[in-house]
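Here the structure is laid out as structure tokens; the discussion comes afterwards.
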Amino acid sequence: MVRSPFFCFIIFLLFLSCKEKKTVTINIEPIKKEALKLRNKGISDFEKKNFNTAFSNFNKAKIKFETINDSLNIVYNLIQMATIQQINGDYYGSKETVTEALPYIKKKHIYNGYINNIFGVADKELSLYNDAIYYYKKAINDYTDPRLKQSSLSNIAALYIQQKKYEKAIIILESILNNKIPDEKHQARIEDNLGYAYFKNEITEKGLLLMNKSLDKRNQIDDIYGSIESNLHLADYYSSVDSQKSDRHALDAYNIATKLHSVDERLEALQVLISNDYNAQNVKYVKKYIALNDSIIRIRNNFKNKFAKIKYDSKKEKDENQKLRLEKAENLLSLQQAKYMRIVFAIVFAFLIILIFILVRYYRNRNRIAKIKTSYDTETRIAKKIHDELANDVFNAIAFAETQPLSKENTRENLLQKLDDIYVRVRGISKENNNIDTGENFIKNIREMLSTYNSNTRNIIVNNVEQINWETIDDIKKITISRILQELMVNMKKHSQAKLVLIQFDNDTKSIFINYTDNGKGSEQSEMIKNGLQNMESRIEAVKGTIDFETAPEKGFKAKISIPK
């Protein structure tokens, strides 16, 4: 393989500047003591519901534990941070946070159940019910405590009710109720959900009896929060048979939820009241609903921004501290070593001057060729798409118009549908090759583009994209990164059949790193070029980057991308 003159020059420099490496010993105990102190502060603030301060302290503790490779405490702090994000409605953020814990855990880990439960709660709140059930089932397998297993099982039953799979929910809830339940609150919850499932499955008398029994029990044991759910279920039951009773239960739920600051339950109660009443009261409830909904959206968005800023500031502080440590280490170099380095650079200075002209010519020609090849590949790909996806459709539409009586309404509708399908395909090809905003909306557009590939059966997780200072990256490289991610997504959608995709961003002072992983069906290494990855390699080579693929049948697909800043 022919190496560039610059490569040979770098090897020469490294040869001359080799020096003995010194091992730096870190005193672990003071760092661990400080990390534990921050973690305990986080726990205390969490108990007091000071969520911003708690999140900040857990994040600082996590960073300290990273310096001493204490994986158990790293995972614990990430779980607490994700829990705080869920309490405040930041479900996507909680998934990103808990994903950071995955590299630190093994197959059998004490926190596996808690991590899967967090994924389950997030997907439930995002209405990804099948994904939530998947994670709850994993949590059941991971938990060792029977009570936690039973709690996850009842969560699955509640999701079956949401999916209107009432018989499945009834089977689970009856099995739980037939076993011994030591916790009265949990037993009341099971009875209420089972009664609600009976009611929805048209076993109304039995359902009403259990729901009333649950509400009585919750009132007796002072389970105020649980009584909200009972009242909402009874309000739903009475909405079709006795609107006054339905209103009474909905108002009880609303008042209790207001007292406990439970916003989502207040919104549910208002929905019932709005659907029941058709008079002046209805306007009052509608206004309350709109005001409350707008307020909670603002509050949750503020929390999301605060959590993201805390993470960003901590990362920035960590990078600055690392930079200071490196500067301190450099200052410890002896005068003899410094003199040696000056001599080395004096020797190679003349060689460097001579190389400048050669290197400029060499890289200018190489970049020109790479750009031409990339442009040619893009044009070829667009031409192939037009030929494969549009030519036959256009021909068929023309033939249809020539052979069918267009005076008939049904025929005209068929022709219009064919033309609309052709338009959608053209718009799709245009969108894949249109201009990319490399300004302040770059990160937002990247996230929006990737999110379009989310579905009920596929989850796209993106980590740390905001932690890269994109303002310092030139537009050509931003466009290259956007196109590469788009081609990875298209390749995944067409060939992978993946259910989970993780895209991890990272960087250092010289390069941007993108690690792509999916759990799809994979392929043979020899088949990768056929799957449209050759064009991706050309793009990356044009900006002097590298990309490595790793795949095998039924083993998923991985890509490691490095692009110099």
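Checked by atom type and distance alone, the side chain of Asn179 pairs as donor or acceptor with a backbone atom of Ser175 at under 3.5 Å.
Every residue two or more places apart in sequence or in another chain was checked for a ring-ring contact (aromatic ring centres under 6.0 Å, His included) with Tyr160, and none qualifies. For Tyr114, the ring-ring contact (aromatic ring centres under 6.0 Å, His included) criterion is met by Tyr143, not counting sequence neighbours. Taking Asp548 as the reference, nothing meets the salt bridge (charged side-chain N to carboxylate O under 4.0 Å, His left out) condition, with sequence neighbours excluded. In this structure, Tyr104 has no ring-ring contact (aromatic ring centres under 6.0 Å, His included) partners at least two apart in sequence or on a different chain. Under the rule for a salt bridge (charged side-chain N to carboxylate O under 4.0 Å, His left out), the partners of Lys64 that lie at least two apart in sequence or sit in another chain are Glu34. Under the side chain to side chain contact (heavy atoms under 4.5 Å, CB included) criterion, Asn464 pairs with Gln467, Gln504, Phe505, sequence neighbours left out. Not counting sequence neighbours, the partners of Lys95 by the salt bridge (charged side-chain N to carboxylate O under 4.0 Å, His left out) test are Asp123. In this structure, the ring-ring contact (aromatic ring centres under 6.0 Å, His included) partners of Tyr135, at least two apart in sequence or on a different chain, are Phe119. Checked against salt bridge (charged side-chain N to carboxylate O under 4.0 Å, His left out), Asp518 has no partners two or more places apart in sequence or in another chain.
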Show the atom names and distances, to 0.1 Å, of all donor-acceptor pairs under 3.5 Å that link a side chain in residues 68-79 to residues at least two apart or in another chain.
unit_1	atom_1	unit_2	atom_2	d
Asp70	OD1	Asn73	N	3.4
Asp70	OD2	Asn73	ND2	2.9
Asn73	OD1	Arg39	NH1	2.8
Asn77	ND2	Asn73	O	2.7

Listed pairs under 3.5 Å, donor-acceptor, residues 553-565 side chains, sequence neighbours left out:
unit_1	atom_1	unit_2	atom_2	d
Lys565	NZ	Asn507	OD1	2.7
Lys565	NZ	Asp508	O	2.7

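Annotation: side chain of Ile43 is in contact with side chain of Phe58 (closest heavy-atom distance under 4.5 Å).
Using a 4.0 Å cut-off between charged side-chain N and carboxylate O, Lys62 and Glu66 make a salt bridge.
Pairs engaging residues 445-462 under the salt bridge (Lys or Arg N to Asp or Glu O under 4.0 Å) rule: Glu96-Arg447, Arg447-Glu466 [sequence neighbours left out].
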